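A, B, ... follow the sequence lines: proteins, then strands. Residue 1 opens every chain. None of these values were measured; they are calculated from a predicted model.
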Number of protein chains: 2
Amino acid sequence: MIPGASSRLEKLATWQLSQASARAHRVLHERLAKAGASGYDYRILAVLGDLGPICQADLGRAAVLDRRDVTHTVRSLQARELVSRRLDPRDGRQTLVELTAAGSSTLERLDLVLDEVQTEVLAGFTAAQRRTLLSLLKRLA
Amino acid sequence: MIPGASSRLEKLATWQLSQASARAHRVLHERLAKAGASGYDYRILAVLGDLGPICQADLGRAAVLDRRDVTHTVRSLQARELVSRRLDPRDGRQTLVELTAAGSSTLERLDLVLDEVQTEVLAGFTAAQRRTLLSLLKRLA
DNA sequence: TAGTATTGTTGGTGATACCAACGACAGCCA
DNA sequence: TGGCTGTCGTTGGTATCACCAACAATACTA
């Protein structure tokens, strides 16, 4: 027997949103795992690539990560020599994080992975539909 | 200093999707917690309300839950006397789950909570925009 | 200078999602 | 009829994401 769908759930925007997000996350996670990175890894590397050397607190704000998770992710990236850390000479509290050469090339590689993920997740969408979706989602967040 | 946004992240549909979903989840979780329920709880109750007595395997398929999570959630709901369970007389493997009277009224109460959540999450959206969003999200999932 | 705020670290929690293995049971079919 | 296949519910995990509290060190400020 094939169970029906729940109309209560189907008509909820939050339900459709969470299901769409879960599916996108599955695709993203699978492809990133193959490339040896986690979602947090990419978020940190992407922010470093876009904003340059930056302290962890700002890193967390830009990547929407808790300070705790920034600490762990950055240390993990540092262990893989993708980022380097040094004390901010102008503020003893801050640690400046920046991409290493290996980090930059890893980021470029991951950018391609992310492009593939977008393509797979948005398969069948026209460019106009993608723009519409993106703008609606931005207003939601 | 206010950190800028990462253009790499901002233009990713999967990023906007996960941020929108995270925000919706925060609202949902906060309101459901006040009402004494979890997201899994509502998903199970909603399916039972829509499809009536049903075995756990079908419950899991309709609510998009792993069998393990169905087991735990149903047992938790049973402990709160919101659902009842009995063996399917026609199939010794299956356990039929159904709403109790208390479960039905709890579901009605939670339906109102979910309505509030939709209103809060979609604040500022026109009816047409909500329809557009919903249809785009359905195609994503 | 005393009090306040921020930074990075540490040690947690909870929700969601998913997997593997198990015994019990049903259905199929040789 | 007996064996095989598959499903069901259960148990015991794991991974990711998101979030909180407390702490020492440092910076700011009133």
Side-chain angles (χ1 to χ4, degrees), chain A residues 1-3 14-15 17-33 36-44 54-61 63-78 83 85-97 141, chain B residues 1-3 9 14-15 17-33 37-44 54-61 63-78 83 85-97 141:
Chain A
M1 166 203 172
I2 297 173
T14 50
W15 168 253
L17 190 53
S18 89
Q19 290 305 107
S21 179
R23 187 231 161 181
H25 181 262
R26 273 191 299 273
V27 174
L28 178 69
H29 178 262
E30 183 198 6
R31 300 233 184 196
L32 278 181
S38 72
Y40 280 7
D41 287 343
Y42 181 74
R43 279 154 73 168
I44 293 290
I54 193 178
C55 75
Q56 293 189 188
D58 286 341
L59 233 183
R61 283 184 276 267
V64 195
L65 282 180
D66 189 85
R67 288 183 301 169
R68 176 203 193 277
D69 301 316
V70 172
T71 293
H72 284 284
T73 307
V74 164
R75 294 180 91 87
S76 162
L77 291 170
Q78 186 183 25
V83 306
R85 308 199 314 157
R86 58 191 158 89
L87 279 179
D88 187 335
R90 301 158 56 84
D91 189 332
R93 296 168 301 179
Q94 301 185 356
T95 306
L96 289 175
V97 184
Chain B
M1 167 205 169
I2 295 173
L9 293 180
T14 51
W15 169 252
L17 191 52
S18 91
Q19 290 304 107
S21 178
R23 187 230 160 181
H25 180 262
R26 274 191 298 273
V27 174
L28 178 69
H29 179 261
E30 183 198 7
R31 300 233 184 196
L32 278 181
S38 70
Y40 280 7
D41 287 342
Y42 181 74
R43 280 155 72 168
I44 293 289
I54 193 178
C55 74
Q56 293 189 188
D58 286 340
L59 232 183
R61 283 183 276 266
V64 195
L65 282 181
D66 190 85
R67 289 186 297 171
R68 178 204 192 277
D69 302 316
V70 173
T71 293
H72 285 284
T73 307
V74 165
R75 294 180 90 87
S76 162
L77 291 170
Q78 186 183 26
V83 305
R85 307 198 315 158
R86 57 190 158 91
L87 280 179
D88 186 335
R90 301 158 55 85
D91 189 332
R93 296 168 300 180
Q94 299 185 357
T95 306
L96 288 176
V97 184

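- Here B/R85 lies in heavy-atom contact (under 4.0 Å) with sugar-phosphate atoms only.
- Counting all heavy atoms, side chain and backbone alike, A/C55 lies closest to A/L96 at N-CD2, 3.8 Å.
- One finds the CG atom of B/L59 at 4.5 Å from the CD1 atom of B/I44 (value rounded to the nearest 0.5 Å).
- Distance, B/Q56 CD to C/dA24 P: 18 Å, rounded to whole Å.
- Between B/H72 atom NE2 and D/dT11 atom C1' there is a gap of 7 Å when expressed in whole angstrom units.
- Between the CG atom of B/D58 and the C1' atom of D/dC8 there is a distance of 11 Å, given to the nearest Å.
- In this structure, B/L65 and B/Y40 approach most closely via the heavy-atom pair CD2-CE1, 3.4 Å.
- Distance OG/A/S18 to CZ/A/R23: 14.0 Å, rounded to 0.5 Å.
- The nearest whole Å value for the distance from the OH atom in A/Y42 to the P atom in D/dC17 is 14 Å.
- Distance check: B/R67 CZ to B/R61 CZ gives 9.0 Å after rounding to the nearest 0.5 Å.
- With rounding to whole Å, B/R67 atom CZ is found 11 Å from C/dC19 atom P.
- The distance from atom CZ of A/R75 to atom C1' of C/dT7 is 13 Å, rounded to the nearest whole Å.
- What separates CD of B/E30 from C1' of D/dA18 is a distance of 15 Å, to the nearest Å.
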Would you list the protein and nucleotides 27-30 of chain D atom pairs, both N or O, that sit under 3.5 Å from each other?
residue: D/dA27; atom: OP1; partner: A/G92; partner atom: N; Å: 2.6
residue: D/dA27; atom: O4'; partner: A/R93; partner atom: NE; Å: 3.3

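- No donor-acceptor distance shorter than 3.5 angstrom exists from the side chain of B/S21 to the backbone of B/L17, with no hydrogens or angles considered.
- Expressed to the nearest 0.5 Å, how far CZ of A/R93 lies from CG of A/L87 amounts to 12.5 Å.
- Nucleic acid contact for B/T71: base, since at least one base atom lies under 4.0 Å from a heavy atom of the residue.
- With hydrogens and angles disregarded, no donor-acceptor distance shorter than 3.5 Å links the side chain of B/S76 to the backbone of B/H72.
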Output a table of nitrogen or oxygen pairs between the protein and nucleotides 14-18 of chain C separated by less than 3.5 Å.
residue: C/dA17; atom: OP2; partner: B/R43; partner atom: NH1; Å: 2.7
residue: C/dA17; atom: OP2; partner: B/R43; partner atom: NH2; Å: 3.2
residue: C/dC18; atom: OP1; partner: A/R26; partner atom: NE; Å: 3.4
residue: C/dC18; atom: OP1; partner: A/R26; partner atom: NH1; Å: 2.4
residue: C/dC18; atom: N4; partner: B/D69; partner atom: OD1; Å: 3.4

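- Looking at heavy atoms from C-beta onward, A/R43 lies in side-chain contact with A/V64 at the 4.5 angstrom threshold.
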